[in-house]
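When a residue number appears, it is its place in the shown sequence, counting from 1.
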Amino acid sequence: MNGHTLHSIGELARRTGTTVKTVRFYSDCGLVPPARRSPAGYRLYDDGAVARMDLVRTLRDLGLDLADIRKVMDRERTLPEVAAAQAEALDVQIRILRLRRAVLTAVANRGADPEETHLMHKLAKLSEAERQRLVGDFLDSAFGGVGTESAFAGVRCSMTPHLPDDPTAEQIHAWVELAALAEDPEFRAHLRQLAEDQAAGHLPDAPPRARDDVAAIVRDQVAPAVAAGIDPASPQADPIVAALMSRTAHLLDDRDPAASRDQLLARLERINDPRRERYSSLLAVINDWPRPETLQPVLDWSVHALRARTAPRPSGPKPPLRTIRP
């Protein structure tokens with residue numbers, strides 16, 4: 001066979017492992033034009049058509065559209081340029097598919113209703129700028145106007161998620177759940193109450209200090225008792241509770257011991273909300289941070305210990321008995 005051998009459309013189809021219909025389609029598009037026609041008007045293709053047909057099929061299998069293939073074949077664009085553009089487009093499609101998979105998995109796992117499914121889909125599709133606005137609004141609702149702007153700057157930074165450009169499926173799942181938490185009005189109100197609790201004992205222009213972190217104080221004071229298996233309602237827990245009250249006394253605004261204990265109990269119950277710890281866990285996944293330690297055991301112990309030492313409140317003074325005279 002030499003370079004002047006001509007092939008019928010059927011022969012070209014057989015040589016390239018395709019169908020006559022496919023060859024005719026690409027021939028009509030101008031991607032694999034015939035070298036000439038026979039006296040009877042049939043298309044005839046040279047050996048170069050075999051190579052062009054193989055290249056067209058390869059590029060189509062890789063996802064290139066006909067317009068880009070034509071530019072490559074006509075040398076308007078180089079193949080590496082088209083391949084780079086196609087790879088970039090595929091990256092976008094892969095991210096979209098990952099987001100869709102994350103939403104569908106979350107819907108399946110949570111048994112979500114149509115309204116919640118719509119919300120999760122919307123949150124998954126947010127752009128970087130839209131995600132920043134959502135998180136900024138969430139943090140403003142929690143910390144805006146509580147103390148000075150600098151007082152909680154570090155806290156805001158530590159609570160800000162940064163979803164990478166090429167997130168893993170786990171990071172996408174975490175973002176969808178975290179964004180839904182950030183949109184929850186009850187969770188926003190809860191965090192604001194925690195911020196107000198923390199700001200209550202600070203000087204107006206002073207940032208939060210380690211000695212003012214109730215959760216850290218509880219961890220330091222109570223962790224040994226939890227590890228030792230001390231019953232929080234037992235007499236052995238009395239000195240631990242006393243030390244805890246002493247360490248937090250500067251954060252409580254009541255001199256009455258019983259009232260201070262009630263106040264600390266209320267604060268610890270708010271800190272012990274599982275949504276706060278869940279947010280921290282999701283944030284660690286998104287930002288690729290180490291998994292945060294759980295404070296639930298020490299908080300549970302402290303809440304139980306304080307409740308065991310809190311006298312039940314009277315329902316109110318009883319009215320005096322009225323004597324009915326005959």
For a quick check under 3.5 Å, do Gln296 and Thr294 share a side-chain donor-acceptor pair by atom type?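 No.
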When you compare the side chain of [Y] with that of [X], does any pair of heavy atoms fall below 4.5 Å?
X: Leu268; Y: Val218; value: yes
X: Val303; Y: Leu265; value: yes
X: Met245; Y: Ser260; value: yes
X: Met73; Y: Val56; value: yes
X: His7; Y: Asp47; value: yes
X: Val285; Y: His173; value: no
X: Pro161; Y: Leu283; value: yes
X: Arg15; Y: Tyr45; value: no

Please check if atom [atom1] in [X] has more than 12 non-hydrogen atoms from other residues, nucleotides or ligands closer than 6.0 Å.
X: Glu186; atom1: CD; value: no
X: Glu170; atom1: CD; value: no
X: Arg37; atom1: CZ; value: yes

Quick check: does any side chain N or O of [X] sit under 3.5 Å from a backbone N or O of [Y], one acting as donor and the other as acceptor?
X: Arg309; Y: Ala305; value: yes
X: Ser27; Y: Val23; value: no
X: Arg70; Y: Cys29; value: yes

Hey, any chance [X] and [Y] share a hydrophobic cluster, counting ILVMFWY side chains that come within less than 4.5 Å of each other, even indirectly?
X: Val32; Y: Leu62; result: yes
X: Ile94; Y: Leu64; result: no
X: Tyr42; Y: Val50; result: no

Check [Y] with [X], please: is the shortest side-chain N to carboxylate O separation under 4.0 Å?
X: Asp140; Y: Arg156; answer: yes
X: Arg43; Y: Asp28; answer: yes
X: Glu81; Y: Lys71; answer: no

Is the Tyr279 ring parallel, tilted or perpendicular to the Phe138 ring (thresholds 30°, 60°)?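 The rings of Tyr279 and Phe138 sit tilted, inter-plane angle from 30° to 60°.
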Which atom of Asp184 lies closest to which atom of Arg275, heavy atoms considered: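 Looking at all heavy atoms of both residues, the shortest contact is OD2-NH1, 3.9 Å.
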